[in-house]
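Worksheet: one structure, shown below.
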Amino acid sequence: MNLIILGPQGSGKGTQAKLLVEKWGLFYLEGGQILRDLSKGKTPLGEQIASFINKGELVPDQIMVDVLKTFLTEDNFKKGILFDGFPRNLSQAHLLDEELKNYQVVIDKVIFLNISFQESLKRLRARRSCPRCGQNYNLVTMPPKNDELCDKCGSQLTTRPDETGAVIKERLEIYQKETLPLVELYQQKGVLVEINGEQSVEAIHQEILKKISE
Ligand code: AMP
């Protein structure tokens, strides 16, 4: 089974994706994380990617697709792939369709985690992570035990450069303009499963399982 998980930043895509990956042994293709990892390398490609991420802008489609192609393999499609953070606009959705044809596979369902703009903004502003061990927190939904210190290694938590002030707004605006049209596209294709993302993690997980098996 191949799935896409779609929703605004802060909707809990990563959390739900990990639960599904664990349950079904899918290959997890997390677009944003793959790009962030590449952006840390001191290569021309890494630096180019970092310049887009730090401004909150989308990385150009062709770069994104070239990067992702390296993960689109027979083996991964055998497991089933869960796409998170890709596609992010209509052009990427069409490029993905072209790639899928090469493997004679389709996207079975698109899970749309819907939360409001205000909720998304609130959740993003509360995100923190540990610069040393990488553990993620949310000051509202998953706070550390002591102030803003990592539970695991005690380091001072930090905010991602693209999760501060104006960059957050830029990312949410791009989501509304570029990514939201995908909801209509997948609805027309009859594969969209819409879930209210403003429920508990467990309630959302159960609703996804129920609606996917319908
Ligand atoms: P995320 O953590 O998924 O919000 O992604 C962080 C950043 O990575 C985004 O703000 C973009 O700059 C970049 N990015 C992630 N996924 C894509 C994509 N499918 N296409 C282009 N850029 C992306």
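One-based numbering, in listed order, for ligands and for the atoms of each. Every value quoted in this text rests on a predicted model; they were computed, and no experiment measured them.
Note that K177 lies outside the cation-pi zone of Y175, set by a 6.0 Å cut-off to the ring centre and a 45° limit from the axis.
Around ligand 1 you find Q9, G32, L35, R36, I53, E57, L58, V59, M64, G85, F86, R88, Q92, R160, D162, R171, each with a heavy-atom distance below 4.0 Å.
Qualifying side-chain hydrogen bond (donor to acceptor under 3.5 Å, both in side chains) partners for T159, counting only residues two or more places apart in sequence or in other chains: none. Legend: residues meeting ring pair (Phe, Tyr, Trp, His ring centres under 6.0 Å) with F77, ordered by chain and number and at least two apart, are Y103. When the side-chain hydrogen bond (donor to acceptor under 3.5 Å, both in side chains) test is applied to D151, no partner is found at least two apart in sequence or on another chain.
Considering CD of E99 and CG of L68, their distance stands at 9.5 Å, rounded to 0.5 Å. Here the NE2-CD distance, from H94 to E98, works out to 9.5 Å after rounding to the nearest 0.5 Å.
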